[in-house]
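Down below is the structure, laid out as structure tokens.
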Amino acid sequence: MPLSNNSNIHPSTFLLLGIPGLEAIHTWLSVPFCLVYLCALLGNFSILFIIKTDSILHEPMYIFLCMLSVADLIISTTTMPKILSIFWFRDRKIYFEACLLQVFLIHSLCSMASGFILAMAFDRYVAICSPLRHSIILRQRVVQNMGLAIVFRGALLFSPQPFMLRWLPYCRTKIIPHTYCEFMALIKLACAETRISRIYSLTAAFLTGGLDFLLIICSYIVILYTVFHLPSKAAQLKTLGTCGSHVCVILVAYTPAFFSFLTHRFGHKVAPHIHILVANIYLLIPPMVNPMIYGIRTRRIRERFLRVLTSLHF
């Protein structure tokens, strides 16, 4: 009897439903999900290969882009294989420990991705506002330390989450109405007081994504102030052009996150499958789109990619 109670309080497995209400078309939904994953893999591995093999691209902006690509690859691989197994094989079971690991990786890596985008904004700020000091301020050692600090911040702030979830009793249900294990989805299954855990989660999210976004906005306010004080229109447009790719990455990263937050906090009448779809867009679309943005807008990356494709073709 004690063993039965313990298994109810701490189940060995959970069941991921996928997208509630759309189970009948899971097989069809797997097609765009699979294409998104393949594009993310191809794009991010291409970015890493091209930047590593081209010494001209060994600049702070592209080093931070490599860090973002690594984070995007791990985020995609942490979630997408399990999502596809749910869609294709109805393999909904996920072990409790695997679920907790997925929670940690998703939240910590999303915070790292946000931090790398902030680091790229800092690079643009220095390059435009203090161009003569850019190479002095953003030395290789400084760039490496910034990357390590961002990784450490994400790991430190979100490492308590799996322990919080492990200490909670789960006596309601083992079914998670989602495509992957997410902190708030698991909190809702607990049959204990979870206010402290919820407050900690929101605080950690603000100290990473929220604070990063505010600092990015501040940096671009200063950048725009500097640009509009340049002497000629041509110089203003040329300088703004150097920020185009990064601005697109910011929009791709934070727009779905903003809508996901709104639907969770205020969209109580929104259908569950809309919640899940928005959450998946927030998590899975940026890893696919980010390499495309830099591949299309950065001439050297575009040329190297086309050269590699041509050599493979022949």
Could you tell me if the side chain of R133 sits less than 4.5 Å from the side chain of V126, heavy atoms only? no
I need the minimum non-hydrogen distance between A155 and M112, along with the two atoms involved. N-CE, 4.0 Å
Determine the minimum heavy-atom distance between F183 and S197, stating which atoms define it. CE2-O, 3.7 Å
Closest non-hydrogen atoms of C129 and V222, given as atom of the first, atom of the second and distance, are SG-CG1, 3.9 Å
Compute whether any side-chain donor of one residue and acceptor of the other, for H246 and D123, lie under 3.5 angstrom apart. no
Any chance you could lay out the side-chain contact (heavy atoms from CB on, under 4.5 Å) test for F116 and I150, step after step, and finish with the verdict? CA-CA 7 Å; F116 296 139; I150 290 166; 3.7 Å; yes
Main-chain N/O of N44 paired to D72 side chain as donor or acceptor, under 3.5 Å: no
Under 4.5 Å between any side-chain heavy atoms of S114 and T208, yes or no? no
Just so I know, are the side chains of S76 and L41 near enough to count as touching, which here means a heavy-atom distance under 4.5 Å? no
Do the two ring centres, one from F122 and one from F64, sit under 6.0 Å apart? no
Step-by-step side-chain contact (heavy atoms from CB on, under 4.5 Å) determination, L277 to L22: CA-CA 10 Å; L277 285 172; L22 299 181; 4.2 Å; yes
Distance-only side-chain donor-acceptor flag, T179 / N280, under 3.5 Å: yes
Side chain proximity check, F228 to I223, heavy atoms < 4.5 angstrom: no
Has I199 got more than 12 heavy atoms of other residues, nucleotides or ligands less than 6.0 Å from its CD1? yes
Any side-chain to backbone donor/acceptor pair from T77 onto I74? Under 3.5 Å, distance only. no
Applying a strict under-4.5 Å side-chain criterion to I, L, V, M, F, W and Y, I'd like to know whether I296 and V249 cluster together. no
Using only atom types and a distance under 3.5 Å, with no angle test, would you say the side chain of T173 pairs donor to acceptor with the backbone of I175? yes
Distance-only, no hydrogens or angles: does the Q102 side chain make a donor-acceptor pair with backbone N or O of Y180 under 3.5 Å? no
Over all heavy atoms of both residues, which pair between C243 and R124 is shortest? Give the atoms and the distance, please. SG-CD, 4.2 Å
Just verifying a value: how many Å separate I47 CD1 and S69 OG, rounded to the nearest 0.5 Å? 5.5 Å
Please report the interatomic distance CE(M80) to OG(S85), rounded to the nearest 0.5 Å. 11.5 Å
Does the pair R153/D212 count as a salt bridge with the N-to-O cut at 4.0 Å? yes
Is there a side-chain contact (heavy atoms from CB on, under 4.5 Å) between Q144 and I63 once you walk through the steps? CA-CA 9 Å; Q144 290 173 352; I63 294 172; over 6 Å; no
Check for a donor-acceptor pair, side chain of D54 on one end and backbone N or O of I50 on the other, with a separation under 3.5 Å. no
Are the side chains of L17 and H178 in touch, meaning some heavy atoms are under 4.5 Å apart? no
Interatomic spacing from CD1 in I176 to CD1 in I94 - rounded to 0.5 Å: 7.0 Å
Would you call F14 and L189 a side-chain contact if the rule is heavy atoms closer than 4.5 Å? yes
Spell out, yes or no, whether V103 and Y282 are grouped together once hydrophobic residues are joined by side-chain heavy atoms under 4.5 Å, including indirect joins. no
NZ/NE/NH1/NH2 to OD/OE distance under 4.0 Å, E23 and R90: no
Taking ring-ring contact (aromatic ring centres under 6.0 Å, His included) as the criterion, tell me which of Y254, F258, Y220 meets it with F213. Y254
Determine the minimum heavy-atom distance between T226 and I128, stating which atoms define it. CG2-O, 3.9 Å
Y62 and H58 aromatic centres sub-6.0 Å: no
Is the backbone of I301 close enough, under 3.5 Å, to the side chain of T298 for a donor and an acceptor to pair up by distance? no
Nearest 0.5 Å, what's the OG1-CZ distance between T27 and F87? 9.5 Å
With respect to L283, which candidate in T78, I75, L109 satisfies the side chain to side chain contact (heavy atoms under 4.5 Å, CB included) definition? I75
Pairing donors with acceptors under 3.5 angstrom, does anything connect the side chains of T53 and R304? yes
Are the side chain of R92 and the backbone N or O of L15 linked by a donor-acceptor pair below 3.5 Å? no
Checking the side chain of E59 only, and the main-chain atoms of M61 only, is there a donor and an acceptor separated by less than 3.5 Å? no
So if you build clusters from Ile, Leu, Val, Met, Phe, Trp, Tyr with side-chain heavy-atom gaps below 4.5 Å, do I25 and W88 land together? yes
Main chain of S108, side chain of S111: is a donor-acceptor contact present, judged purely on distance under 3.5 Å? yes
Got a second to check how far S219's OG is from L214's CG, nearest 0.5 Å? 11.0 Å
What about the rings of H26 and F33, do their centers lie closer together than 6.0 Å? no
If you look at every heavy atom in S245 and R297, which pair is closest and at what distance? OG-CB, 3.1 Å
With ring centroids as reference points, do F158 and F104 lie under 6.0 angstrom apart? no
Given the rule in the side-chain contact (heavy atoms from CB on, under 4.5 Å) test, do V142 and I137 qualify, once you have shown the distances and angles that lead to the verdict? CA-CA 8 Å; V142 173; I137 295 173; 5.7 Å; no
CD1 on I285 to OG1 on T255, rounded to 0.5 Å: 12.5 Å
Kindly check if the number of other-residue, nucleotide or ligand heavy atoms within 6.0 Å of CD (E303) is above 12? yes
According to a 4.5 Å side-chain heavy-atom criterion applied to Ile, Leu, Val, Met, Phe, Trp and Tyr, with indirect links allowed, do I293 and L251 form part of one hydrophobic cluster? yes
Using atom types as modelled and distance alone, determine if a side-chain donor or acceptor of Q161 lies under 3.5 Å from a backbone N or O of F163. no
Close side-chain approach of I187 to L165, heavy-atom, < 4.5 Å: yes
Would you say C34 and L84 make side-chain contact, with heavy atoms under 4.5 Å? yes
Is L100 reachable from W167 through a run of hydrophobic residues whose side-chain heavy atoms are each under 4.5 Å from the next? no
Evaluate the side chain to side chain donor-acceptor pair (under 3.5 Å) criterion for residues Y125 and S130: first the C-alpha distance (whole Å), next the side-chain angles of each, then the deciding distance (0.1 Å), finally the verdict. CA-CA 8 Å; Y125 164 76; S130 300; 5.7 Å; no
